[in-house]
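Notes follow the structure.
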Amino acid sequence: MDQTTVKKSRYGMAIDLDRCTGCGACLIACAVENNVSPGQPKVNERNGTTWMRVFEVQDGRPFPDAQTAFIPMMCQQCEVETPCVSVCPQNAVEVDPETGIVGQIPQRCLGCRYCMTACPYHARYYNWWDPKWPDGMEKALNPDVAPRMRGVVEKCNFCHGRLHEARARAAAQGSRQINPSDYIPACVEACPVQAIAFGDLNDESTDVALLARSERAFRFLARLGTETKVYYLSGRDWVRRLADRELARSKKETLHG
Amino acid sequence: MDKLLITRGVQRSPFWKFILWILPWAMLLAWGLYGAYLCLAEGLNQTNMDNRFAFGLWIYLDLTVIAFGAGAFFTGFLLYILKRHELKSVINSAVVLGLICYSGAIVVLMVDVGQPLRAWFTFWHPNVHSMLTEVTFCLTLYLTVLILEYAPIVMKNRQIRKVPSYLVFEFNLHKLMVVFAGVGAFLSFFHQGSLGGLYGVLRGRPFAFREDLGIWPSTFFLFVLSAMAAGPSFVLLTTWLVEKLSKKRLVKRETMSYLGKLSGVMLIIYILFKSVDTLIWINSTSPSSGFPAFEYYDRAAFGTWVLFAEVVLFGLLPALVLLRKKLRERMVWLIPSAVFVLAGVALNRFVLTIQTLALPTLVFDEFLSYMPSWQEVATFSMVIAYGVLLYSLSFRYLHLFPQERELTQPY
Amino acid sequence: MLPWVYEFRWDAGHIIFLGVFFSVLIIIASTLMRALMRAIGDFKNRRVDHVMWEVAFEDLPEPARACRHQLSGEVAHRTCPNEFDCRDCVSHELFLRANPVPPAGTGPQAPEEEQLFGLSFPLDRYYDRGHTWVKPAADGTLLVGLNDLGTRLLGSVENIQLPEIGSTMHVHGTAWQVSTRGADTRILSPVEGTVVDVGGPGKEWYLKVRPEGNGDALRHLLRGAEIKPWLTRELERLQFALSEDGVGMSLADGGVPVEDLPRSAPKADWDAVWGEMFLEA
């Protein structure tokens with residue numbers, strides 16, 4: 001194989017909602033890995049930063065039949081008509097053609113937040129405050145990921161620090177092709193029930209490619225046509241119906257966010 | 001005291017009265033500057049915007065004042081290019097209003113973005129596919145044009161005109177005004193449109209998303225039309241207000257009525273397109289992306305009355321009044337109609353900014369509300385106060401209404 | 001933004017978008033440059049006086065810009081398109097052909113001096129719309145003075161700035177400046193030429209000018225039968241200007257305006273009145 005060409009990847013995820021217990025380990029692992037600063041005193045649910053947010057949903061049936069599911073929601077890595085890319089006035093959002101990952105470049109970001117209004121998944125976060133870490137905690141920062149300044153937007157990028165490290169490791173061995181086991185995002189690694197599978201969707205042999213093709217797989221708001229690369233899995237009908245407003249409405253169930 | 005700065009032969013209130021009028025606005029401006037300073041120094045945590053409500057009062061204000069400021073380009077286009085000379089009596093006032101609206105909007109935008117010092121990135125590394133890039137480029141260029149249109153008015157101040165080089169330059173610049181009027185109309189078409197396109201392209205927000213007409217979504221054209229309807233009404237309303245406050249007749253009644261007619265004609269065209277667009281959106285665009293349109297009008301105070309108010313109450317109704325010569329010639333009909341036109345356009349900008357962001361997309365997400373913080377309101381008031389001050393100063397020291405002397409002297 | 005700047009691509013989007021941007025920028029910049037060049041040209045061609053008068057004329061209220069042939073009743077309504085400079089006016093030529101006006105002092109019934117509304121307006125001279133008169137002298141020079149109404153309007157002048165001997169006058173450029181009661185008023189020059197001598201208030205004339213140009217030098221000035229209708233209109237304008245802010249002063253029919261108007265009506269807005277009557281916006 002030609003050493004100068006790199007096989008094109010389409011990194012994606014499959015999250016099994018029937019396994020997820022809502023423990024939140026993924027959130028913590030994500031924040032630690034990506035140097036997301038702890039919330040400021042006045043922070044609330046709506047202006048804090050977490051690249052990953054876990055929604056709790058119920059099927060609305062009375063106890064003891066009530067069922068609950070947890071839906072981790074992060075950047076869905078839209079592949080087609082990526083809403084945030086076309087709106088950014090200064091090219092601060094770009095899709096990497098080699099990995100399919102939607103990258104946010106905070107150094108270029110103006111902080112106009114137009115991308116946030118464009119995102120149907122509300123997966124983008126704005127730095128309303130200067131990032132601050134309690135004394136001593138800055139020693140625990142991840143040296144592979146640059147912290148972001150106040151006034152710029154950030155979001156999940158499938159742990160690009162880890163991707164760079166995997167590439168460096170491959171380069172050290174004289175290869176341009178990374179070893180898949182070297183590149184695993186923090187949330188995937190942290191999940192105690194292994195609810196998240198990650199890998200190259202172009203490679204048919206990966207777990208994630210298999211799961212994405214399974215009958216239990218679905219994607220949220222698929223009819224927007226943005227071809228997200230984060231798949232969700234569930235065998236439960238009421239959970240699957242949450243993917244689409246019309247489907248959800250067809251079954252008159254009360255849902256609580 | 002300042003008499004020698006005031007245009008010869010026009011009556012202005014005594015200096016102390018003018019100071020009394022200016023003072024509260026100057027205080028409001030100072031309060032607003034403090035609010036804006038807090039937002040710049042401490043960051044946007046001073047606002048009540050959040051990750052879901054990423055746009056708020058400011059963007060709404062920007063869209064609205066820019067629509068109102070369209071009077072400058074529309075009047076200039078009609079006067080200099082289509083040679084509607086009756087508009088000569090309001091063009092100076094329209095230019096000042098345009099300048100206030102656009103410069104105010106840009107100031108607020110600079111507070112609104114998180115990293116204003118990086119604004120030049122948009123010019124240096126533009127993403128030419130973004131509506132916001134189009135807006136940024138056009139707004140900057142158009143503000144330059146407005147300053148060049150305002151400069152001659154300033155240079156004709158009683159004292160400044162005594163400097164021969166200024167006056168000779170003014171004279172020559174004025175002769176080329178047709179070029180600026182043309183460029184202004186061209187730029188305005190694009191940025192008024194792109195402001196509409198801003199929302200129309202939001203595929204991820206089916207409440208705002210619209211089908212493409214050519215390379216732009218339909219909201220592009222709807223914004224152009226509605227701005228052209230709002231512009232003359234705004235010029236009309238401010239002129240009327242200044243007449244009331246200064247207790248003087250400033251323009252001929254025919255001109256007022258003509259401005260009303262312009263608004264009426266543009267409004268009826270706008271309402272027609274808007275109705276067709278809304279029907280297509282309700283029946284096709286929105287459902288095809290999985291969003292039943294009736295759900296949008298099922299939340300909080302945002303009932304279908306919003307749509308009714310936008311299209312009928314503040315749309316069809318004033319349009320029909322303004323299109324009738326007999327009615328628009330009477331102030332009791334003309335002025336409320338102009339207010340209704342402006343209310344309709346303001347409501348349209350409000351709905352597209354606020355309702356778009358309040359509505360959830362994910363099934364398990366909720367409808368959110370947002371109330372601006374005092375810092376946001378202060379920054380908003382800063383622009384209002386700045387506008388009142390700049391207009392008051394211009395009205396006092398510059399010759400804004402060429403017909404004023406004629407109308408006060410009964411030949 | 002530029003081809004060598006990172007993120008630039010030679011695709012249709014960039015070419016069209018930036019092409020339009022730079023075109024607009026060039027149009028704005030070149031228009032500005034053009035205005036600047038023309039302004040410099042005006043200075044070089046000594047057109048400054050003319051430009052300043054043209055701007056002032058544009059700002060006059062429409063009734064103040066009436067054509068002399070409207071005042072004389074030859075046409076119902078006509079606004080002067082030439083800033084009161086009839087020397088090259090084609091319409092004036094046509095009006096004259098239909099209704100010739102003889103040169104001053106040569107009319108059939110030209111008395112030595114004529115009293116109009118109690119004001120002295122001798123018919124041996126020409127009158128400009130800015131309340132100056134021109135009288136050709138025997139040596140070929142032109143004497144320029146302030147007419148009776150103008151003199152009474154200004155009253156006792158506190159300060160006067162006369163041009164230097166040897167300076168050039170342009171038609172409707174500034175002849176001299178007076179300042180009274182803190183307000184400056186410029187008096188329009190009725191003729192074109194070089195100042196050879198200066199007089200002043202209390203003297204018979206203000207300026208002695210050696211004219212330039214051809215025999216048309218006085219063509220734009222009022223004479224003979226044209227004076228009365230014009231003066232009637234001027235007194236009307238004065239009446240309105242004075243009554244505007246409720247001073248209530250009236251120039252009763254046939255009443256003679258007093259020698260020093262400002263002194264007899266000190267409360268009137270004389271700054272506005274002078275602006276109105278001396279055609280200064």
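Throughout, a chain's letter reflects where its sequence line sits, starting with A, and its residues are numbered from 1.
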Quiz prompt | side chain to side chain contact (heavy atoms under 4.5 Å, CB included), paired with A:R113, selected from B:D112, B:V113, B:N51, B:I59 | solution = B:D112
Exercise. Look up atom CZ in B:R52 and atom CE in A:M116, then write down how far apart they are to the nearest 0.5 Å.
Key: 10.5 Å
Quiz item: Any donor-acceptor pair under 3.5 Å linking the side chain of A:Y114 with the backbone of B:L198?
Solution: yes
Quiz item: Checking B:E295 against chain A: side chain, backbone, both or neither under 4.5 Å from a heavy atom?
Solution: side chain
Quiz item: What option among A:N127, A:I71, A:T226 has the most heavy-atom pairs under 4.5 Å with chain B?
Solution: A:I71
Quiz item: If every non-hydrogen atom of A:A248 is compared with every non-hydrogen atom of B:V363, which pair is closest and at what distance?
Solution: CB-CG1, 3.5 Å
Exercise. May I ask you to name which of B:L357, B:D50, B:T356, B:L117 has the most heavy-atom pairs under 4.5 Å with chain A?
Key: B:D50
Quiz item: Is there a side-chain contact between B:L202 and A:T117 (heavy atoms, below 4.5 Å)?
Solution: yes
Quiz item: Heavy atoms, side chains only, cut-off 4.5 Å: are B:L44 and A:Y126 in contact?
Solution: yes
Quiz item: Taking it one step at a time, do A:W128 and B:M49 satisfy side-chain contact (heavy atoms from CB on, under 4.5 Å)?
Solution: CA-CA 9 Å; A:W128 301 95; B:M49 287 188 280; 3.6 Å; yes
Quiz item: Should B:S130 and A:P89 count as side-chain neighbours, where that means a heavy-atom distance under 4.5 Å?
Solution: yes
Quiz item: For B:G43, does its backbone N or O pair with a side-chain atom of A:D130 as donor and acceptor, under 3.5 Å?
Solution: no
Quiz item: Is chain A contacted by the side chain of B:T47, its backbone, both, or neither, given a heavy-atom distance below 4.5 Å?
Solution: side chain
Quiz item: Under a 4.5 Å cut-off applied to non-hydrogen side-chain atoms, are A:Q90 and B:W124 in contact?
Solution: no
Quiz item: Between B:V128, B:T361, B:T133, B:L109, which residue shows the highest count of heavy-atom pairs closer than 4.5 Å to chain A?
Solution: B:T361
Quiz item: Among A:Q40, A:K42, A:M149, which residue forms the greatest number of heavy-atom pairs with chain B at distances under 4.5 Å?
Solution: A:M149
Practice problem: Take the angle between the ring planes of A:F220 and B:F364 and call it parallel below 30°, perpendicular above 60°, tilted in between. | Solution: perpendicular
Exercise. Side chain from CB out, backbone as N, CA, C, O: work out which of these in A:V153 comes under 4.5 Å of a heavy atom of chain B, or both, or neither.
Key: neither
Quiz item: A:A243, A:P83, A:A118: which one forms the most heavy-atom pairs within less than 4.5 Å of chain B?
Solution: A:A118
Quiz item: Between A:R46 and chain B, which part of the residue has a heavy atom less than 4.5 Å away: side chain, backbone, both or neither?
Solution: both
Self-check item: A:P120 backbone acceptor or donor facing B:R203 side chain under 3.5 Å
Solution: no
Quiz prompt | Minimum heavy-atom distance B:L132-A:C112, with the two atoms named | solution = CD2-SG, 3.5 Å
Quiz prompt | Contact leader toward chain A among B:E42, B:H129, B:R205, where contacts are heavy-atom pairs under 4.5 Å | solution = B:R205
Quiz item: If you look at every heavy atom in A:Q107 and B:F121, which pair is closest and at what distance?
Solution: O-CE2, 3.4 Å
Self-check item: B:Y37, OH atom: more than 12 neighbouring heavy atoms under 6.0 Å
Solution: no
Practice problem: Tell me, yes or no, whether the heavy-atom count around A:E138 atom CD, taken from other residues, nucleotides or ligands under 6.0 Å, exceeds 12. | Solution: yes
Quiz prompt | Contacting moiety of A:C119, where chain B heavy atoms sit under 4.5 Å | solution = backbone
Practice problem: Under 4.5 Å heavy-atom distance to chain A, tell me which part of B:P206 shows up: side chain, backbone, both or neither. | Solution: side chain
Exercise. Heavy-atom distances under 4.5 Å only: say whether B:L362 touches chain A with side chain, backbone, both or neither.
Key: both
Quiz item: So which heavy atom on B:P292 is nearest to which on A:E246, and how close?
Solution: CG-CG, 3.9 Å
Quiz item: Are A:R108 and B:H125 side-chain neighbours, meaning at least one heavy-atom pair lies under 4.5 Å?
Solution: no
Quiz item: Measuring heavy-atom distances to chain B, does A:L110 have an atom under 4.5 Å in its side chain, in its backbone, in both, or in neither?
Solution: both
Quiz item: Contact part of B:T122 toward chain A, heavy-atom cut-off under 4.5 Å: side chain, backbone, both or neither?
Solution: both
Practice problem: Compare all side-chain heavy atoms of A:H122 with those of B:L368 and state whether any distance is below 4.5 angstrom. | Solution: no
Quiz item: Are there more than 12 heavy atoms of other residues, nucleotides or ligands under 6.0 Å from atom OH of B:Y34?
Solution: no
Quiz item: Is there a donor-acceptor contact under 3.5 Å from the side chain of A:N47 to the main chain of B:N45?
Solution: no
Self-check item: B:P360 and A:R245, any side-chain heavy atoms less than 4.5 Å apart
Solution: yes
Self-check item: Backbone of A:S86 reached by a side-chain donor or acceptor of B:N127 within 3.5 Å
Solution: yes
Exercise. Find the one option among A:C78, A:C109, A:C84 whose heavy-atom pairs under 4.5 Å with chain B are most numerous.
Key: A:C109
